[in-house]
Amino acid sequence: MKTKERTTGRIQIAFAAMLWGLAGVCVKSITWGAMSLMAARSVISLIMLALVKRSVKVRWTKTNLLGAVMMSATGMLYVQSIKMTTAGTAIVLQYVAPILVFLYSVLFKKRKVRFAEVLITLAVFGGCVLSFADSLDPTRLVGNLLGLASGFTFAAQIIVMNSAESDSNDCLFLSNILSFLVCIPFVFTDSTISFDRKNILWVLILGVFQYGLGNILFGKGIQKIDRVEASLLLTIEPIFNPIPVAIFCGERMGTLALIGSAVVIGFVTLYSLLPQQTAPRKSVNNMHETEKSLDRNA
């Protein structure tokens, strides 16, 4: 992958993470049930994806379907988790994903491990936990379990959509179809649905920006960078998530949260710089090997 494409992929993943980070404030600000929210944002996202693809045709391959199922499951589990626990708890539990993706790459794909990557991965996860240590509430067991489950499906989503066999745009399109089909029956029995101005505004923000545009950027970026790097860059989401929630919903960040945010941002930035730092060293090593080979041939 060319350096320019990798840089573009990093930017797309970073912006996707920030847009996904709007989920907390959107879900908390809308009175509708979780499944009704999923149905509405899936319809909006489908329209946006169709405009981007300029087509509604998709390839129904096993890999695309698996990616779609994982993405749909992640969305439903996460949104329901936010409804049943704090936004901070939901997002930090989901971000076991970087650890899972890293372990998958090492154990099953025989990825060569750099010591710096191990430290950074653990630091990022620790920063996420620290960020929301004040808001973790063990009494909201079901919501916490749903948030944790979304972490496993999120890791699977990253792994599948990063594979060469998948088409990220098709995965996104199929995931919205699946989410809509599963969630639409709940709309007709949801007594909390109200079409007042506030709900409509936040539903549009949720569908157009948080989910629609966020998924489009994710789909483009995930094909350009390494799955481990993508999972680490996506930890921008749990750092950004509590900011709009604090502004609009009154959930405040404590001292530990601020420290954790600094840890994650710092280590994610460090990780993004690692390839650039090691590239010159590889070039020098390659040059030395070439010189040695020429000497032997001479």
Side-chain angles (χ1 to χ4, degrees), residues 9-10 13-14 16-18 20-21 23-24 66-67 69-71 73-75 77-78 81-82 85-138 141 143-163 166 218 221-222 225-242 256-257 259-275:
R10 290 169 180 164
I13 292 294
M18 291 186 68
W20 282 354
L66 180 59
V69 169
M70 292 300 104
M71 191 168 199
T74 299
L77 289 168
Y78 177 51
S81 177
I82 294 175
T85 187
T86 64
T89 302
I91 192 62
V92 72
L93 289 172
Q94 186 184 77
Y95 270 81
V96 299
I99 301 295
L100 298 174
V101 172
F102 182 77
L103 290 175
Y104 170 84
S105 298
V106 173
L107 297 176
F108 297 101
K109 293 299 181 179
K110 307 303 179 184
R111 187 182 191 276
K112 292 184 179 180
V113 182
R114 289 182 290 179
F115 182 67
E117 287 182 323
V118 177
L119 289 180
I120 290 172
T121 301
L122 293 175
V124 165
F125 181 69
C128 286
V129 174
L130 189 63
S131 294
F132 301 104
D134 295 331
S135 62
L136 287 171
D137 186 354
L141 181 60
N144 292 350
L145 289 175
L146 291 175
L148 184 61
S150 74
F152 282 83
T153 57
F154 188 31
Q157 171 189 328
I158 293 171
I159 292 167
V160 174
M161 292 182 68
N162 180 259
S163 68
S166 72
F218 172 78
I222 194 63
I225 62 175
D226 176 80
R227 65 173 67 89
V228 175
E229 183 176 6
S231 67
L232 285 170
L233 286 172
L234 285 171
T235 54
I236 292 171
E237 179 186 356
I239 302 309
F240 178 72
N241 185 292
L256 290 178
I259 295 173
S261 298
V263 168
V264 173
I265 292 172
F267 277 95
V268 167
T269 302
L270 177 62
Y271 186 86
S272 69
L273 294 175
L274 278 179

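Numbering starts at 1 and runs along the sequence shown.
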Closest heavy-atom pair and its distance - [X], [Y]:
| X | Y | value |
| --- | --- | --- |
| Ser150 | Thr153 | O-OG1, 3.0 Å |
| Tyr78 | Ala23 | CE2-CB, 3.6 Å |
| Ala90 | Ile82 | CB-CG1, 3.9 Å |
| Gly151 | Ala97 | O-CB, 3.6 Å |
| Ala17 | Ile236 | CB-CB, 3.9 Å |

Roughly how far, to the nearest 0.5 Å, is the [atom2] atom of [Y] from the [atom1] atom of [X]?
| X | Y | atom1 | atom2 | answer |
| --- | --- | --- | --- | --- |
| Ile159 | Leu100 | CD1 | CG | 7.5 Å |
| Phe115 | Ile120 | CZ | CD1 | 10.5 Å |
| Ser166 | Ile222 | OG | CD1 | 9.0 Å |
| Leu77 | Leu148 | CG | CG | 10.0 Å |
| Trp20 | Leu234 | CH2 | CG | 5.5 Å |
| Phe218 | Met71 | CZ | CE | 6.0 Å |

Using atom types as modelled and distance alone, determine if a side-chain donor or acceptor of Ser105 lies under 3.5 Å from a backbone N or O of Val101.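 Yes.
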Does the side chain of [Y] come within less than 4.5 Å of [X]'s, by heavy atoms?
| X | Y | result |
| --- | --- | --- |
| Gln94 | Thr74 | yes |
| Ile225 | Leu233 | yes |
| Val118 | Phe102 | yes |

I'd like to check the ring pair (Phe, Tyr, Trp, His ring centres under 6.0 Å) partners of Phe152; sequence neighbours left out, ordered by chain and number. none
